[in-house]
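What follows is a short report on a single structure.
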2 protein chains.
Amino acid sequence: MSGHELTDRGAGTRALILDTALAAFAESGYRGTSVRDIATRCGLTHPALLYHFPTKADLLMAVLRRRDDAEGRAAGFADLRGAALLDHLVATARLNAGRPGVVELYATLSAEATDPGHPAHAYFVDRYANLRASVARAYAEVAHDGGLRPGIDPATAARQLVALMDGLQIQWLLDPSLDMAEAIEAHVGAQLA
Amino acid sequence: MSGHELTDRGAGTRALILDTALAAFAESGYRGTSVRDIATRCGLTHPALLYHFPTKADLLMAVLRRRDDAEGRAAGFADLRGAALLDHLVATARLNAGRPGVVELYATLSAEATDPGHPAHAYFVDRYANLRASVARAYAEVAHDGGLRPGIDPATAARQLVALMDGLQIQWLLDPSLDMAEAIEAHVGAQLA
DNA sequence: GTCTATATCTTGATAGAC
DNA sequence: GTCTATCAAGATATAGAC
């Protein structure tokens, strides 16, 4: 209308930078990737990139937040209950086998961000706490419906499932012939009544 | 005798370098650690360090091989059968909770080494293949003795257990209040007949 | 066996032109 | 919004003295 659609001028460039940065961080981690390298792969110089994202850490956080939005973690996750959420995790693993870049990104970064000095440390602490809580709730709901094998503690099962998914990603990245979803499905299947 | 015991002159320095390098790689990963930093922490200059280990990649591989020897992977592992090997893994997890440096080293490096261009890539591909094979054999022996719950495939169970251990390490590094051994024990316990 | 000194490259970030 | 030019700091590695 009377205004300027100038707000998202350069939105295309921003998106290109974020896509490229995701791929680069995935391949070599945050520490192993240079701002110059990302900029070059975008057809930019590095000052041009730093115009859009003032620091390298800002760029990393933008990549992570963008993926959170795209994945719709808040949306598609909060709505799922009980076994449906567990099924969703298996489906996600199957989906991830088709996008090695995303798997590499999280596998590499979650290990790197273990260091309290890493710019994404707080992000991953929160991420895991939230994920465990969601999965624990799902297990508790399954148990309430009588669908869980006796003797299984929801909180423990949640930690195990999240850990299993992470560990399988590393094995899969080292040897892509392994089927992540199959192993997860077998694990969850063995826990249901 | 008639010779020179000069062979292990400087062996003390080598050992000091390897210990320090392990700690440094554990804290910041391979890519995030500089040779200068390791040398300084040893009270050396970096050319002095590079006299003992010609390149940074050589140093990393020496650290890994030294730990393989110290841990006696070949020795203590090849001798264990069936449930005893699985118990040993639980015991190792309990032990690891007392040496975060080692956990950090392997968690960080195994993710980093996912990149085929990483100097330790081949090492970790082999390491995981061997570990899975040993654990699968242990599950098969347990099954043969009638100790495994029906419907559990040894090879799948091995991949799951190795993955669980890896994933729990990341969660533990992000939140050391979590008990790794407990979660592993619960998992294995649920698989035995 | 360890040093000083240095070569060479790459890094993240800034200044200022266009 | 993107550039050139530049900075200061860090990296790996080598040469050669002691």
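Within every chain, numbering begins at 1; the chains are lettered A, B, ... in the order of the sequence lines, protein sequences first and strands thereafter.
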Quiz: residues 81-92 of chain A side-chain donor-acceptor pairs under 3.5 angstrom, not counting sequence neighbours:
from	atom 1	to	atom 2	distance (Å)
A/Thr92	OG1	A/His88	O	2.8

Open item on the list: Taking salt bridge (charged side-chain N to carboxylate O under 4.0 Å, His left out) as the definition, give me every residue that meets it alongside B/Asp179, ordered by chain and number, with sequence neighbours left out.
Closed with: none

Open item on the list: Measuring only between side-chain heavy atoms, which start at C-beta, is A/Val35 closer than 4.5 Å to A/Leu59?
Closed with: no

Open item on the list: So if I take residues 37-47 of chain B and measure heavy-atom distances to DNA chain D, which residues fall below 4.0 Å?
Closed with: B/His46, B/Pro47

Task: Between P of C/dT4 and OH of B/Tyr51, the distance in whole Å - done: 17 Å

Task: Atom-pair distance (CZ on B/Arg31; P on C/dT10), nearest Å - done: 16 Å

TODO: Considering just the side-chain nitrogens and oxygens of A/Ser34, establish if one lies under 4.0 Å of OP1 or OP2 belonging to C/dT10.
DONE: no

Open item on the list: Could you tell me how far apart B/His52 (NE2) and D/dA13 (C1') are, to the nearest whole angstrom?
Closed with: 16 Å

Task: Closest-nucleotide 5' rank along DNA chain D - winner of A/Arg36 and A/Ala48 - done: A/Ala48

Task: Atom pair distance, as rounded to whole Å: OH in B/Tyr30 and P in D/dA11 - done: 13 Å

Open item on the list: Below the 4.0 Å mark, does C/dT2 have OP1 or OP2 next to a side-chain nitrogen or oxygen of B/Thr13?
Closed with: yes

Open item on the list: The criterion is ring-ring contact (aromatic ring centres under 6.0 Å, His included); which residues satisfy it with A/Phe25, sequence neighbours excluded?
Closed with: A/Tyr30

- [ ] If a pair satisfies salt bridge (Lys or Arg N to Asp or Glu O under 4.0 Å) and one of its residues is in residues 90-116 of chain A, list it, with sequence neighbours excluded.
- [x] A/Arg31-A/Asp115, A/Glu71-A/Arg99, A/Arg94-A/Glu185

Task: Spacing between B/Leu50 atom CG and C/dA7 atom P, to the nearest angstrom - done: 18 Å

Open item on the list: Please enumerate all residues that pass side chain to side chain contact (heavy atoms under 4.5 Å, CB included) together with B/Thr55, with sequence neighbours excluded.
Closed with: B/Ala57, B/Asp58

Task: Rounded distance in Å - CZ (B/Phe53) to C1' (D/dT14) - done: 19 Å

TODO: When you get a sec, tell me which of C/dA13, D/dT14, D/dT2 is the closest nucleotide to the side chain of A/Lys56?
DONE: C/dA13

